[in-house]
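Some notes on the structure that comes next.
Note on naming: letters A, B, ... go to the chains in the order of the sequence lines (proteins, then strands), and numbering restarts at 1 for each one.
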Amino acid sequence: ACGSPTGPAKGPTVLAAASLQESLEEAAKAWAAQGHPAPVLSFAGSSALARQVEQGAPADVFISADQEWMDYLAGKNLIQPTTRIDLLTNRIVLIAPKGAAVRGLDALGEGKLALADPEAVPAGRYAKASLESLGEWQGVENKVVPAENVRAALALVERGEAQLGIVYATDAKASDKVEVVREFPASSHPPIRYPAALLAGSDNPEGKAFLEFLSSAEANKIFASHGFGIAE
Amino acid sequence: MFFDLSLSCRVGERAIELAFASQARLTALVGPSGVGKTTVLNCIAGLRRPESGRVAVAGNLLFDAAAGVNLRPELRRAGYVFQDARLFPHMRVAANLTYGERLAPTADRWIGQEEVVEFLGIGHLLARWPATLSGGETRRVAIGRALLSAPRFLLLDEPFASLDAERGETLMKLVERIRDELEIPILLVSHDRSEVERLAGEVVMLA
Amino acid sequence: MFFDLSLSCRVGERAIELAFASQARLTALVGPSGVGKTTVLNCIAGLRRPESGRVAVAGNLLFDAAAGVNLRPELRRAGYVFQDARLFPHMRVAANLTYGERLAPTADRWIGQEEVVEFLGIGHLLARWPATLSGGETRRVAIGRALLSAPRFLLLDEPFASLDAERGETLMKLVERIRDELEIPILLVSHDRSEVERLAGEVVMLA
Amino acid sequence: MSEWLTPAEWGVVTLSLKVSLVAVALTLPVSYALAWLLARRRFPGRILLDAVVHLPLVVPPVVTGWILLVLFGRNGPIGAWLESQFGLVLVFRWSGAALAAAVMALPLMVRAMRLSIEAVDRRLVDAARTLGASPWRAFLSITLPLSAPGIAAGAMLGFARSLGEFGATITFASNIAGQTRTLPLAIYSGLQLPGAEVQVARLSLISVVLSLAALVISELLVRRSAGSRAHVL
Amino acid sequence: MSEWLTPAEWGVVTLSLKVSLVAVALTLPVSYALAWLLARRRFPGRILLDAVVHLPLVVPPVVTGWILLVLFGRNGPIGAWLESQFGLVLVFRWSGAALAAAVMALPLMVRAMRLSIEAVDRRLVDAARTLGASPWRAFLSITLPLSAPGIAAGAMLGFARSLGEFGATITFASNIAGQTRTLPLAIYSGLQLPGAEVQVARLSLISVVLSLAALVISELLVRRSAGSRAHVL
Ligand SMILES: Nc1ncnc2c1ncn2[C@@H]1O[C@H](COP(=O)(O)OP(=O)(O)OP(=O)(O)O)[C@@H](O)[C@H]1O
Ligand SMILES: Nc1ncnc2c1ncn2[C@@H]1O[C@H](COP(=O)(O)OP(=O)(O)OP(=O)(O)O)[C@@H](O)[C@H]1O
Ligand code: MOO
Ligand SMILES: [Mg+2]
Ligand SMILES: [Mg+2]
């Protein structure tokens, strides 16, 4: 259509999970510095982005915070399956306000445990899965306060409204008001991977190029500096 | 026949029945309070639909239940001075006065703004908002607004109430002139016997 | 001294000045339309603050600019019949009538509901909403409401306008009775010369 | 009705109703007082007050929720005081959800009421005063009932807004089943899961039915007093 | 002002203003027409229409955004038609953000206007008719100007709501800098970044200042016509 951002001179439109905002903006800058047209970035929850794709939103690249929404789009033939890769990995950690006395789930008492909504948000689902496999879920279940997203859970701990929280390592690293009091073993929950793929409707060759750039050493350095792991 | 009407109309529990044909240019409609005088005027102006009957003024058929005729109010061209003045509160006096005038065909106008303003003594009020007028001032502006709309007939619902004697006299002279020189039929509701005796060629009693 | 006032008051560009002391129980306030009669009544009722002056009615000081006295309207106990009736639209006629009555001390009441209703001929209207009343019916209810509030004095702003002759006569007799038997001071604004001549012991001209 | 709803849905519905009704009931007197001030008084800072009242409308709900958290959280100035004085904790409780809904509904309620108060003819208040009514009594018997259309409209708007409130609630009160998981939060949870469209549609439909019911009730209430609404000389 | 704002902030502000102003301008005639219908006409389905108008208030914004996506997306019935007929694409465009804001503002605007229309004395319309005005002309010259307080209040509410709209916008129009990243979305983005409190506070303050400015303007406009507002015999 006329004036759509998918013309040849335009940068690709990239839909990405909100938690990737900082690092992806940096990566986009680096890419543009190489002489490419700057990509158009849109950040929202993975669910909202997937639904936009489903309804024909004119975009080229989708980076999800979990596999489910990517699978959902794949099931509807809305991505180019051969381009799908796992881009990044992450870990979940238990955090507490800096210097706080409560430093473990067993010390929680009447306190609260902030999670991203374990029924809805990926970070919360990983946290719940991990605690379940470690046999600790039942003890804390009714102390959980589910937040809208992982950053909101982080904010609850930062403010001291919740004594503990489980967030991504990347979030913990970005905040100087909380400290990591425990790391969860990677085996205790499904692997945390951020899949990326070209969308079926993409007709912008820059999309593919950008996706390839995101796996490059230069991009990896950026992601690593924000605390992400690089998926093999 | 200036006014030729027969109508029946229900308001609340009251049934109003009236039939008269008046040869006089100025007909007075009298009757005790609450008998239905204002209701009759509303029927003639087209603001209320009678249950049955027929309304003709100066040979123009305005309403005929049997024939299915029911002219819309804006086509009846009544110059209606309401018992409650009903000035438009968001327009200054000047704009109230010209409201109907600007809607009327130029050829039909039979009185000019200047003349009306002078007769009614409202020249100093033109820039005022209606909310700042006294009772009598409000009434006079309402009369002016009706006259300027180039009406084919006048419906006056107690137009002289709350006017002082002098002002009332000037106005009555104006009404006489309209009646005699311009031959505009007038239906006047009034409680003042002397007023009725002086002005009306015919008196219709509603009871 | 029934009414003893001297006041000056500005409305818009008009400066109203009035001073009189009246020995008559019923004083008429007359003057051309827009001269300030309603404004004077508002000053006496406490709804408008005069720039300067003094207002005393039946020996009670209501306002004194120099002495800093300014009684609130609800303490002045005026029975004010407004030129515009101002019935409360959300109360039925019966509730309008009793509004002031229920606020007045029982001992002060000098007329009962039944009597008022009968005199004014509004018995059949008690269950009605004000919006359904005719012009004269509205006026009568407004008079009844003022009388029932057990006022110490009456302010009547053209109370007989839009009442038919018979009803007007009944009312005038009531006013005469109030004046003579109950000795309630009355200030009456009227444009009707015969009315004024018949009722007023003193006539104050505002110009 | 309970046959058509799962127990979980039923719990969400009753919680939503409780939260919304309490929110409206709380806000009604406050917003009427604000509406009256804004409509009838001229004082320094009036426009500022007006602006503050509008804030929950302008600022994104999540920010409002965050500000509530800062103020009414257990570590916030008001929250700490409430807890020490009355043992009242709002965060993560249904009462917190009601507070969030109340704050979000406030601007809508104030505006509707203000419009109606401004439309009340002051000459009627004057008349009441000459009949012996104190300012307070005149207010209660004249201004208040004559502004009923605005109160009804405001209550309806506020109730609808409360039923739909999401961002401030989840931020301030969290999304705890049985405590703060109102309809919008339940819908949100559903929207995050692929394939939960039917559940989302059911819950949305319940919201719609509830507001429709509220609307019918408010229309009936207003109509009952319709005789009084017409204009009078 | 541009000195105090970074270029990015400046871009967000101008986009927000554009989106909100267009949203209000779009919604104004539609909501006035709806308000008039609801205030003055009795027809079957009236309460249903009333309920539909309230929907964007009751249903969580994200659901409204989702419904917009289903209807106005490029694969949606209306969206596909708009694209084939006019080449108009709404998703991912500022026009989509304006549509989302308009839909969310609609119920607030309708209610305010309806209250004012209901307060217009019909006897004045009757008077205009006897003076020769057609129903349409009487509407334009009497009902419309006399309901101006409701139009002003509605426009103000709608503008504020549009400025604050988040959920429907991010769901329907997405969060693209320069296209759909309005103030609330920028604030949301900021909230995703730990340590961005200052940025969030700055953006929130900007929202507040904008709505304050709008409020002052609307108050001045209303006051300019205040002489006309008083009641008349
Ligand atoms: N909606 C209504 N319901 C019941 N009765 C009504 C309604 N509207 C008007 N009436 C009654 O109809 C009658 C006729 O009213 P109308 O206004 O025509 O009287 P009128 O002769 O003009 O009286 P007035 O001289 O007092 O102005 C009155 O008794 C009035 O109370
Ligand atoms: N707000 C205002 N601005 C300017 N002039 C005003 C205002 N309010 C009233 N007036 C003027 O004050 C004067 C006195 O008004 P008032 O109502 O007291 O007159 P009145 O003697 O009662 O007249 P009427 O017999 O016509 O009722 C009138 O000329 C009126 O136009
Ligand atoms: O980035 Mo997410 O979709 O909030 O886990
Ligand atoms: Mg009448
Ligand atoms: Mg007067």
Side-chain angles (χ1 to χ4, degrees), chain B residues 38 41-42 44-48 71-93 95-105 108 127-139 141-142 145-155 162, chain E residues 28 32 35-36 39-43 112-156 218-233:
Chain B
T38 299
L41 295 198
N42 284 341
I44 300 174
L47 298 178
R48 170 187 272 277
L71 231 57
R72 287 184 289 151
E74 65 267 30
L75 303 176
R76 296 195 179 195
R77 312 288 305 278
Y80 191 170
V81 176
F82 296 92
Q83 194 168 9
D84 49 339
R86 304 197 194 181
L87 295 188
F88 303 130
H90 58 303
M91 301 180 190
R92 291 175 193 272
V93 167
N96 265 283
L97 287 174
T98 54
Y99 186 90
E101 192 182 27
R102 287 189 302 128
L103 293 171
D108 291 6
R128 287 268 210 87
W129 294 107
T132 71
L133 301 181
S134 79
E137 289 164 349
T138 304
R139 170 81 34 155
V141 175
R145 184 177 68 172
L147 295 180
L148 283 169
S149 69
R152 299 224 184 90
F153 60 100
L154 293 178
L155 302 172
S162 71
Chain E
L28 216 57
Y32 194 88
W36 186 84
R40 287 291 197 232
R41 297 278 130 169
R42 296 291 168 267
F43 52 90
M113 293 173 178
R114 182 176 158 191
L115 271 177
S116 271
I117 294 172
E118 280 169 350
V120 172
D121 190 343
R122 290 175 195 230
R123 294 175 308 175
L124 296 175
V125 176
D126 280 352
R129 296 292 299 279
T130 68
L131 289 164
S134 64
W136 177 238
R137 177 153 204 135
F139 164 77
L140 285 182
S141 57
I142 310 296
T143 311
L144 187 66
L146 282 175
S147 55
I151 300 177
M156 183 60 220
S218 88
E219 290 277 343
L220 289 180
L221 283 180
V222 170
R223 200 169 299 169
R224 252 194 38 167
S225 66
S228 64
R229 300 281 323 287
H231 286 268
V232 176
L233 177 76

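- One finds the CZ atom of E:R123 at 11.0 Å from the CG atom of B:N42 (value rounded to the nearest 0.5 Å).
- The two residues B:E74 and E:S134 have their closest heavy-atom pair at OE2-CA, 3.5 Å.
- The environment of CZ in E:R42 is crowded: more than 12 heavy-atom neighbours from other residues, nucleotides or ligands sit within 6.0 Å.
- Contacts between B:R145 and chain E at a heavy-atom distance below 4.5 Å involve backbone atoms as well as side-chain atoms.
- Heavy-atom distances place no part of B:A104 under 4.5 Å from chain E, backbone and side chain included.
- E:L146 is listed as a side-chain neighbour of B:P89, based on a closest heavy-atom distance under 4.5 Å.
- Among E:G132, E:P135, E:A138, the residue making the largest number of heavy-atom pairs under 4.5 Å with chain B is E:G132.
- If you measure heavy-atom distances from B:A146 to chain E, the contacts under 4.5 Å come from the backbone alone.
- The number of heavy-atom neighbours closer than 6.0 Å to CZ of B:R128, taken from other residues, nucleotides and ligands shown, is above 12.
- Nearest heavy-atom pair across E:A128 and B:Y99 is CB-OH, 3.5 Å.
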* Yes or no on side chain to side chain contact (heavy atoms under 4.5 Å, CB included) for B:E101 and E:L131, after CA distance, side-chain angles and deciding distance? -> CA-CA 8 Å; B:E101 192 182 27; E:L131 289 164; over 6 Å; no
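- Judged by distance alone, the side chain of B:H90 and the main-chain N or O of E:S141 form a donor-acceptor pair under 3.5 Å.
- B:F82 places a side-chain heavy atom less than 4.5 Å from the side chain of E:T130.
- Using a 4.5 Å heavy-atom threshold, the side chains of B:M91 and E:P145 count as separate.
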